[in-house]
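A, B, ... follow the sequence lines: proteins, then strands. Residue 1 opens every chain.
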Protein chains: 2
Amino acid sequence: MNSHDTHPGGPDLAALAALLADATRAGFCLALLDGRAWTAIELARHAGVAASTATGHLNRLVGSGLLTQERQGRHRYVRLADPDTAELIEKLASMAPRRADPPRSLPAVNRSRALARARTCYDHLAGALGVAITEAMTDRGMLDWEQGLALTGDGTAWLAELGIALPPATRRPPVRSCLDWTERRPHLAGAVGAALCRHAFDAGWITRIGTSRAVALTDAGKHALTDRLGPAAVET
Amino acid sequence: MNSHDTHPGGPDLAALAALLADATRAGFCLALLDGRAWTAIELARHAGVAASTATGHLNRLVGSGLLTQERQGRHRYVRLADPDTAELIEKLASMAPRRADPPRSLPAVNRSRALARARTCYDHLAGALGVAITEAMTDRGMLDWEQGLALTGDGTAWLAELGIALPPATRRPPVRSCLDWTERRPHLAGAVGAALCRHAFDAGWITRIGTSRAVALTDAGKHALTDRLGPAAVET
DNA sequence: GCGATCCTTCGGCCGCTGCCGAAGCGTCCG
DNA sequence: CGGACGCTTCGGCAGCGGCCGAAGGATCGC
């Protein structure tokens, strides 16, 4: 008996894990966790590898269904295939050991601070801001953590006031908890988390900082969140 | 810039994934997903590798915190470190591609059937039985899937009747959904799922089939479940 | 004590896979 | 049209990591 014929028909865990077991491919996936589409060369530069190397990795990731691609002219855009994939990568990231040396240079420190303050995590909000919003919603009785995370009637009403309708029931859970890398506390994910994040962009509460995944809270956003969730939601 | 110094301080996804990216180590983890402790040599035989090879793999898995070990005399018992780890492996398994060839030999077919009918999945019930129980509980209003999975008042009362108190609030969610490999539908996991499974063993509703992770529903179990959840819960 | 069993360490083999650079193709823009 | 740019294919190199068997230590049962 060889490991190859153990449990035929069962899940090939090793094949899936191997896709993420390479530092370059893992770096791609973590970068793509911002929910946006990246071009091949952007990812290559981000990871510090040659374009030809990136091509090979992207072929594997797309071929296995972890990423989807879209060709536009001479560009190859890739993104995470679906929220399920994002959730898998989040879970791995939350359990993975930290990398060694903390950043030293001043710009690097600033970049880290901005990311810790507020960023997108796939399609929802993370960082101190994401956690603060989640906790403020909990304090105001919009989220119930007692028997698994659930949105209360108050929560539904609050969303409706913002003009956010409950997303139609699909396989994706409306609310889900996602462990924050920097805060080590949960923030709101799932379909509602995504809708809330989209609303925050649309309403001008937050804007991207340059082209990074970090976001900045605007003055309008500060006012809106203080009005609707109290001052604790913006104390980052 | 090299992938090694990208995002220092961030999660080292590749390191964690690499632990599961080997067929032998992945086989160990899937076997341990039955929630029991295995000896080194049991795992080695299960995966079809030499004892010395297994030692090396176990050292890595234990050293990285995925498994915990207990020495008893000449035996080395290992088990999954915690429910969080089990959840990670479940998630990977549910998204991984299936292995190629379906089993052929008659005993292999019987083994597969038994596993598909009812088995333990870490510390809760899976297979057709696990799914049927979960769906019966849903039909009777004990579980609410509307806003994330939650246990209702009826559910709490039903558990109390069985003598199962709600587990004290810890970081582990009371109810959680776990995607079933064979059924491709969710079954009940989390602290309540674990307590229910333990009760089923204690009350003699189910027993292990030999030393495998498959379980058999006893006559007493059939009666008890029909009484408490209706006939649908035992129609596998 | 003695053999059987479980586990561990060590050395050596081998195959997989990630990396790059060079060359070439298609697309975009001036 | 021509140059710049994004991407791809190919060949070759190098290192990591999994595998085994042999030998040895520890424990158990007789």
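- Contact annotation: H57(B) side-chain N/O to dC19(D) OP1/OP2 distance is under 4.0 Å.
- Using modelled atom types, one finds a donor on one side chain and an acceptor on the other under 3.5 Å when comparing T120(A) with R208(A).
- Within the 4.0 angstrom heavy-atom criterion, base atoms lie near A51(A).
- Listed candidates were dC7(D), dC6(C), dG18(D). Nearest to the side chain of R60(B) is dG18(D).
- Residue-to-nucleotide proximity on DNA chain C shows that, of A54(B) and A50(A), the 5′-proximal contact is made by A54(B).
- A sub-4.0 Å separation between OP1 or OP2 of dT8(D) and a side-chain N or O of R71(A) is present.
- Screening R79(B), R36(B), R172(B) for a salt bridge (Lys or Arg N to Asp or Glu O under 4.0 Å) with D123(B), the sole residue that qualifies is R172(B).
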Report all interatomic pairs (protein N or O, nucleotide N or O of nucleotides 22-25 of chain C) with separations under 3.5 Å.
none

Strictly under 3.5 Å: I want the nitrogen or oxygen pairs between protein and nucleotides 27-30 of chain C, one per line.
{"residue": "dT27(C)", "atom": "O2", "partner": "R74(A)", "partner atom": "NH1", "Å": "3.4"}

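- Comparing atom distances between the R25(A) side chain and each of dG18(D), dG18(C), dC6(C) picks out dG18(C) as nearest.
- Ring geometry for H187(B) against H124(B) counts as tilted: the plane angle lies between 30° and 60°, on a 0 to 90° scale.
- The side chain of V49(B) has dC20(D) as its nearest neighbour among dC20(D), dC7(D), dT8(C).
- In this structure, the nucleotide among dT9(D), dC7(D), dC19(C) sitting nearest to the side chain of N59(A) is dT9(D).
- With respect to the salt-bridge test (charged N to carboxylate O, under 4.0 angstrom), the residues D12(B) and R99(A) qualify.
- Using a cut-off of 4.0 Å between Lys/Arg side-chain N and Asp/Glu carboxylate O, E183(B) and R117(B) are scored as not salt-bridged.
- A donor-acceptor distance shorter than 3.5 angstrom exists from the side chain of T218(A) to the backbone of G204(A), with no hydrogens or angles considered.
- One interatomic measurement links the two molecules: CG of L58(A) to C1' of dG6(D), which rounds to 13 Å at whole-angstrom precision.
- W181(B) carries R119(B) over the face of its six-membered ring, with the cationic atom under 6.0 Å from the centre and within 45° of the normal.
- Close to dC20(D), at under 4.0 Å from its OP1 or OP2, lies a side-chain N or O of T53(B).
- In this structure, the side chain of T53(A) does not engage the main chain of V49(A) through any donor-acceptor pair within 3.5 Å.
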